[in-house]
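Numbered from 1 within each chain, the chains take letters A, B, ... in sequence-line order. Both backbone and side-chain heavy atoms feed into the values below; hydrogens, waters and symmetry mates do not.
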Protein chains: 2
Amino acid sequence: MTRRKIQIKNIDNTTARLVTFSKRRKGHFKKAFELSTLCDAEIGLMVFSATGKLFEYASSSMQQVIERHNLHPDNLGKMDQLSLEL
Amino acid sequence: MTRRKIQIKNIDNTTARLVTFSKRRKGHFKKAFELSTLCDAEIGLMVFSATGKLFEYASSSMQQVIERHNLHPDNLGKMDQLSLEL
DNA sequence: CCCGCTATGTATAACGA
DNA sequence: TTCGTTATACATAGCGG
């Protein structure tokens with residue numbers, strides 16, 4: 001991408017992987033914010049690092065996004081009635 | 001961004017907003033895929049357009065990501081025990 | 001680990017068809 | 001409206017603190 005092009009595959013070097021994760025995660029969150037702002041969209045983004053840490057972004061609130069996702073026509077029927085009352 | 005810089009605020013022109021939404025959404029999904037691949041992260045991304053359409057991406061499956069999010073220590077206790085059995 | 005720098009690779013706004 | 005092109009803005013890999 002920058003000083004040198006990289007392959008889109010798991011980064012072997014742990015340090016480099018962590019640094020890349022940190023930087024791209026930040027950029028990705030920014031993009032999510034821009035997309036929701038520019039186009040009046042509701043966005044929910046969840047990221048779990050390889051070490052199990054959770055990072056999330058939601059234009060409204062994650063619970064609201066998840067609930068909306070579960071209530072979406074395409075998903076009703078693909079799951080039980082759980083979360084409907086959240 | 002390109003032929004001209006834009007402000008990060010809701011795009012008034014409907015046509016331009018739809019085009020931008022379509023393009024940025026695609027790019028955003030690609031970024032999500034790259035981040036999960038490069039850094040071995042689990043990612044869930046949900047996007048609801050202003051018209052209510054749902055677009056989603058998950059490195060594994062959205063239900064799995066949502067479940068993991070709900071089971072995350074930081075979220076247990078912030079909600080009821082719903083979704084635990086999905 | 002986080003921050004800044006900067007050369008370069010990418011994403012994309014505005015057009016044209 | 002949808003698609004391809006292209007000039008630019010933006011994101012970021014590799015380093016140094």
Side-chain angles (χ1 to χ4, degrees), chain A residues 1-62 65 68-69 72-74, chain B residues 1-62 65 68-69 71-76 78:
Chain A
M1 282 71 172
T2 81
R3 292 300 186 78
R4 177 178 147 197
K5 182 177 168 59
I6 65 170
Q7 298 295 313
I8 301 302
K9 64 183 218 43
N10 186 62
I11 299 173
D12 296 314
N13 184 286
T14 301
T15 300
R17 185 171 62 250
L18 291 176
V19 171
T20 292
F21 180 67
S22 176
K23 288 186 175 182
R24 281 182 174 250
R25 175 163 46 77
K26 177 184 174 185
H28 201 236
F29 281 7
K30 180 182 178 183
K31 285 283 188 182
F33 163 74
E34 293 183 352
L35 182 58
S36 66
T37 302
L38 288 169
C39 307
D40 195 29
E42 183 169 19
I43 296 181
L45 172 61
M46 290 174 269
V47 178
F48 292 94
S49 71
T51 56
K53 291 185 63 175
L54 168 66
F55 301 90
E56 61 181 286
Y57 164 81
S59 55
S60 51
S61 76
M62 190 53 74
V65 173
R68 187 171 178 181
H69 175 271
H72 194 82
D74 291 349
Chain B
M1 282 70 173
T2 81
R3 292 299 186 80
R4 178 179 148 198
K5 181 176 167 60
I6 64 169
Q7 298 295 311
I8 300 301
K9 64 186 223 37
N10 185 62
I11 299 174
D12 296 313
N13 184 286
T14 301
T15 300
R17 185 172 63 249
L18 293 176
V19 172
T20 292
F21 180 66
S22 176
K23 290 186 174 183
R24 280 183 175 251
R25 177 163 45 75
K26 177 185 174 185
H28 200 238
F29 280 8
K30 181 181 178 183
K31 286 283 188 184
F33 163 74
E34 294 183 350
L35 182 58
S36 66
T37 302
L38 288 169
C39 308
D40 194 30
E42 182 169 18
I43 297 181
L45 172 61
M46 290 173 269
V47 178
F48 292 94
S49 71
T51 57
K53 291 183 63 176
L54 168 65
F55 301 90
E56 61 182 286
Y57 164 80
S59 53
S60 51
S61 77
M62 190 53 75
V65 173
R68 186 170 178 182
H69 175 270
L71 292 172
H72 194 82
D74 291 349
N75 298 306
L76 287 176
K78 286 187 179 178

Qualifying residues under side chain to side chain contact (heavy atoms under 4.5 Å, CB included), relative to [X], sequence neighbours excluded:
X       : value
A:Lys5  : none
A:Ala50 : B:Asp40
A:Arg68 : A:Glu42, B:Phe48

Pairs where residues 2-41 of chain B contributes a residue and the test ring pair (Phe, Tyr, Trp, His ring centres under 6.0 Å) is met, not counting sequence neighbours | A:His28-B:His28, B:Phe21-B:Phe55

Not counting sequence neighbours, list each pair that qualifies as a salt bridge (Lys or Arg N to Asp or Glu O under 4.0 Å) and has a residue in residues 44-56 of chain A.
-> none

Name every residue in residues 44-53 of chain A that has at least one heavy atom under 4.0 Å from any atom of DNA chain D, in order of residue number, or write none if there are no such residues.
->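 Result for residues 44-53 of chain A: none.
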
In residues 26-42 of chain B, which residues come under 4.0 Å of DNA chain D by heavy atom?
-> B:Lys31

Please round to the nearest 0.5 Å and tell me the distance separating atom CG of A:Leu35 and atom CZ of B:Arg24.
->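 It comes to 7.5 Å.
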
So do A:Val65 and A:Ile43 actually touch side chain to side chain, heavy atoms under 4.5 Å?
->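 A:Ile43 vs A:Val65: side chains apart.
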
Hey, does B:Leu38 have a side-chain heavy atom less than 4.5 Å from the side chain of A:Ile6?
->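 The answer is yes, as the side chains (C-beta and beyond) meet within the 4.5 Å cut-off.
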
For A:Met62 and A:Leu45, which heavy atoms make the closest approach, and how far apart are they?
->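 Taking A:Met62 first and A:Leu45 second, the nearest heavy atoms are CE-O, 3.5 Å.
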
Write down the distance between CG (A:Asn13) and P (D:dC15), rounded to a whole number of angstrom.
-> 11 Å

B:Phe21 CZ to D:dT2 P, straight-line distance once rounded to whole Å =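 Between P of D:dT2 and CZ of B:Phe21: 13 Å.
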
Overall bend of the helix from C:dC2-D:dG17 to C:dA17-D:dT2 (five pairs an end, 10° steps) is 40°

Identify, with sequence neighbours excluded, every residue that meets salt bridge (charged side-chain N to carboxylate O under 4.0 Å, His left out) alongside B:Arg17.
->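 Checked B:Arg17 against salt bridge (charged side-chain N to carboxylate O under 4.0 Å, His left out); zero matches.
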
Got a list of protein N/O to nucleotides 14-17 of chain C N/O distances below 3.5 Å?
| unit_1 | atom_1 | unit_2 | atom_2 | d |
| --- | --- | --- | --- | --- |
| C:dA14 | OP1 | B:Arg4 | NH1 | 3.4 |
| C:dA14 | N6 | B:Lys23 | NZ | 2.8 |

With sequence neighbours left out, the residues meeting side-chain hydrogen bond (donor to acceptor under 3.5 Å, both in side chains) with B:Ser36 are B:Tyr57

Please name all residues satisfying side-chain hydrogen bond (donor to acceptor under 3.5 Å, both in side chains) with A:Thr15, sequence neighbours left out, ordered by chain then number.
->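 Applying side-chain hydrogen bond (donor to acceptor under 3.5 Å, both in side chains) to A:Thr15 gives none.
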
Does the pair A:Ile11 and A:Thr20 meet the rule for a side chain to side chain contact (heavy atoms under 4.5 Å, CB included), with working shown?
-> CA-CA 9 Å; A:Ile11 299 173; A:Thr20 292; 3.7 Å; yes

Taking for A:Arg24 and for B:Thr15 the nucleotide of DNA chain D with the nearest heavy atom, the one nearer the 5' end belongs to B:Thr15

